[in-house]
Amino acid sequence: MKFGGTSVADAERLKRAARRIVAQREAGHRVVAVLSARGKTTDDLIRLAQEVSATPDPREMDMLLSTGERISCALCAMAINDLGHKAISLTGSQAGIVTDTSHTKARILDVRADRITSALAEDQIVLVAGFQGVSTSRDVTTLGRGGSDTTAVALAAAVGADVCEIYTDVAGVFSADPRIVPDARKLPLVSFEEMLEMASSGAKVLQLRSVEYARNHGVRIHCRSSFDDGPGTLVVGEQETMEHALITAVTHSTEEARVSLLGVPDEPGAAARIFGALADANCNVDMIIQNEPLGAGRQAEVSFTVPREDLRDAQAALQPIIADLGIAAIDTEPESGKVSIVGAGMKSHPGVAAKVFATLAREGINIDMISTSPIKISCVIRNDQVPTAVRALHAAFELGAGGIEAERPIGEAAR
Ligand code: ADP
Ligand code: ASP
Ligand code: MG
């Protein structure tokens with residue numbers, strides 16, 4: 001069971017989470033619970049760091065950020081003890097979560113769950129601080145924003161859990177962010193394939209890595225509300241989804257930054273140098289566009305997007321390359337947004353992209369960049385136009401609570 005920040009934000013909610021955990025124990029299950037930092041604690045900690053340093057040391061940043069989830073776990077253990085059950089809280093390191101050494105976005109390499117399994121065997125409820133681990137060089141690491149989801153999935157895999165329940169502040173995974181689209185529909189089932197595309201294009205209800213991990217280790221995710229008992233969304237293998245909607249969801253992100261390199265020499269190896277440097281700096285490059293003007297001069301223009309939080313690192317990584325390759329100029333737009341539509345049914349259905357572009361055009365929204373995968377179409381647009389774009393696309397593809405007729409049985413989309 002994993003509880004997100006809003007679900008443990010104050011004493012009342014924390015006690016409610018404790019009661020929910022105890023209820024599962026009393027129903028005969030053994031429970032490992034992963035907790036996030038309370039409310040906006042992680043944001044507050046980041047702000048504290050920025051108050052003392054413009055470029056906080058990543059190792060010390062992780063020491064700081066990992067404290068938020070420890071507070072939640074210790075408090076929850078106290079609440080559970082008061083309910084007459086035995087509970088023990090563990091840091092990520094104590095729980096055996098071993099990561100690589102990339103501070104602030106570490107990847108889990110191994111879970112040595114023996115301490116958890118022995119505590120379970122002693123009839124204890126185990127509370128694990130989410131979002132953190134210990135690196136192969138024995139430093140505290142954190143797993144990137146939203147990383148408690150990944151902690152939960154990794155522990156579920158390590159202890160062979162029946163299910164990994166992600167308790168959050170919405171009732172499941174919806175056809176769009178319900179905070180932007182009030183008539184968004186809750187999806188009872190979503191495939192790993194679609195959930196991966198949704199998470200990678202901004203549906204932060206599940207962290208991307210948690211979905212990758214669940215798919216690779218066969219973990220069943222049930223994403224549900226921490227405020228009521230209703231069923232949420234099951235993330236399942238492709239073969240388990242009964243029907244294939246043409247479009248499943250509209251996703252968005254308002255945390256993108258665009259970088260354009262102008263006057264890039266048109267020669268073999270230029271792109272390899274640019275993106276090699278970005279990879280070495282651990283920058284997550286998303287869309288890439290290169291255009292090569294015809295005729296004399298032959299200088300290319302290369303644009304790409306990164307998460308806004310990676311922009312500073314990207315600029316620093318590019319400085320030596322710009323000098324070396326003789327790139328004429330660098331232009332950045334730190335306030336970009338992105339809107340995407342995701343659906344396994346679009347694989348074999350022409351005309352979807354045209355409908356997306358026509359819908360955005362009707363709203364007077366200009367598209368900066370476009371990228372596609374077999375089941376996703378993404379457009380980079382101005383940040384402030386994102387909510388309008390999301391609502392327009394959700395309506396155009398009839399994804400709302402009244403739009404169920406847009407779904408088709410498997411196979412029909414191909415006809
Ligand atoms: P937690 O603190 O529980 O981890 P998050 O804030 O990380 O919660 O994720 C839940 C939020 O994700 C919701 O409050 C919602 O605004 C947002 N969200 C974005 N897209 C979707 C979507 N398609 N379905 C559900 N929630 C979404
Ligand atoms: N507390 C961390 C964050 O806010 C991790 C998480 O909540 O999953 O990103
Ligand atoms: Mg989250």
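Whatever order the structure lists them in is the order used to number ligands and atoms, beginning at 1.
Scanning all protein heavy atoms for the shortest distance to atom 23 (N) of ligand 1 gives Phe174 O, 3.0 Å. The protein atom (non-hydrogen) at minimum distance from atom 5 (P) of ligand 1 is Lys204 O, 4.2 Å. Residue, atom and distance of the protein heavy atom nearest to atom 15 (C) of ligand 1 are Asp177 OD1, 3.3 Å. In this structure, atom 13 (C) of ligand 1 lies nearest to the protein heavy atom Asp169 OD1, 3.5 Å. Considering only non-hydrogen protein atoms, atom 2 (C) of ligand 2 sits nearest to Thr42 OG1, 3.5 Å. Counting only heavy atoms of the protein, atom 2 (O) of ligand 1 lies nearest to Gly5 N, 3.1 Å. Looking at atom 7 (O) of ligand 2, its nearest protein heavy atom turns out to be Ser36 OG, 3.1 Å. Protein heavy atom in closest approach to atom 27 (C) of ligand 1: Val205 CB, 3.9 Å.
Salt bridge annotation for Asp110-Arg112: present, with a cationic side-chain nitrogen under 4.0 angstrom from a carboxylate oxygen. Taking the charged nitrogens against the carboxylate oxygens, Glu165 and Arg20 have no contact shorter than 4.0 Å, which rules out a salt bridge. Here Asp149 pairs with Lys2 in a salt bridge; the nearest charged N to carboxylate O distance falls below 4.0 Å.
Nearest heavy-atom pair, Val34 versus Ser148, reported as atom, atom and distance to 0.1 Å: CG1-O, 3.8 Å. Here the closest non-hydrogen pair linking Arg25 and His29 is NH1-O, 2.7 Å.
Contact annotation: Pro178 has at least one heavy atom less than 4.0 Å from an atom of ligand 1. Residue contact annotation: Glu69 has a non-hydrogen atom under 4.0 Å from ligand 2. Ligand 2 has at least one atom lying under 4.0 Å from a heavy atom of Gly147. Ligand 1 lies out of reach of Ser7, whose nearest heavy atom is not under 4.0 Å from it.
The aromatic ring centres of Phe275 and Phe304 sit less than 6.0 Å apart.
Counting the atoms of ligand 1 from 1 in the order shown, those under 4.0 Å from a heavy atom of Ala203 are 20 (N). Heavy-atom proximity to Val170, at under 4.0 Å, picks out these atoms of ligand 1: 13 (C), 14 (O), 25 (C), 26 (N). Atoms of ligand 1 found under 4.0 Å from any heavy atom of Gly172, numbered from 1 in the order shown, are 24 (N), 25 (C). Close contacts of ligand 1 with Val173, meaning ligand atoms under 4.0 Å from a residue heavy atom, involve 24 (N).
Side-chain contact between His252 and Val386 is present, with at least one heavy-atom pair separated by less than 4.5 Å. Between Ile381 and Lys338, the closest side-chain pair of non-hydrogen atoms is not below 4.5 Å. Within the 4.5 Å cutoff, the side chain of Arg215 has heavy atoms near those of the Leu196 side chain. Ser336 has its side chain out of reach of Asn383: every pair of non-hydrogen atoms, C-beta onward, lies at least 4.5 Å apart. Residues Ile370 and Phe357 have side chains in contact (heavy-atom distance under 4.5 Å, counting atoms from C-beta outward). At a threshold of 4.5 Å between non-hydrogen side-chain atoms, the residues Met287 and Val380 count as touching.
Between atom 8 (O) of ligand 1 and the options Thr248, Thr42, Thr168, Val8, the minimum heavy-atom separation is to Thr168. Taking all heavy atoms of Arg179, Met195, His252, Lys2 into account, the minimum distance to atom 4 (O) of ligand 1 is reached by Lys2.
For Arg145, a nitrogen or oxygen atom sits less than 3.5 Å from a nitrogen or oxygen atom of ligand 2, counting backbone and side chain alike. The shortest N or O to N or O distance between Ser148 and ligand 2 is under 3.5 Å. Backbone and side-chain nitrogen or oxygen atoms of Gly146 are examined, and one is located within less than 3.5 angstrom of a nitrogen or oxygen of ligand 2.
A donor-acceptor pair under 3.5 Å links the side-chain atoms of Glu194 to the main chain of Ala344, judged by distance alone.
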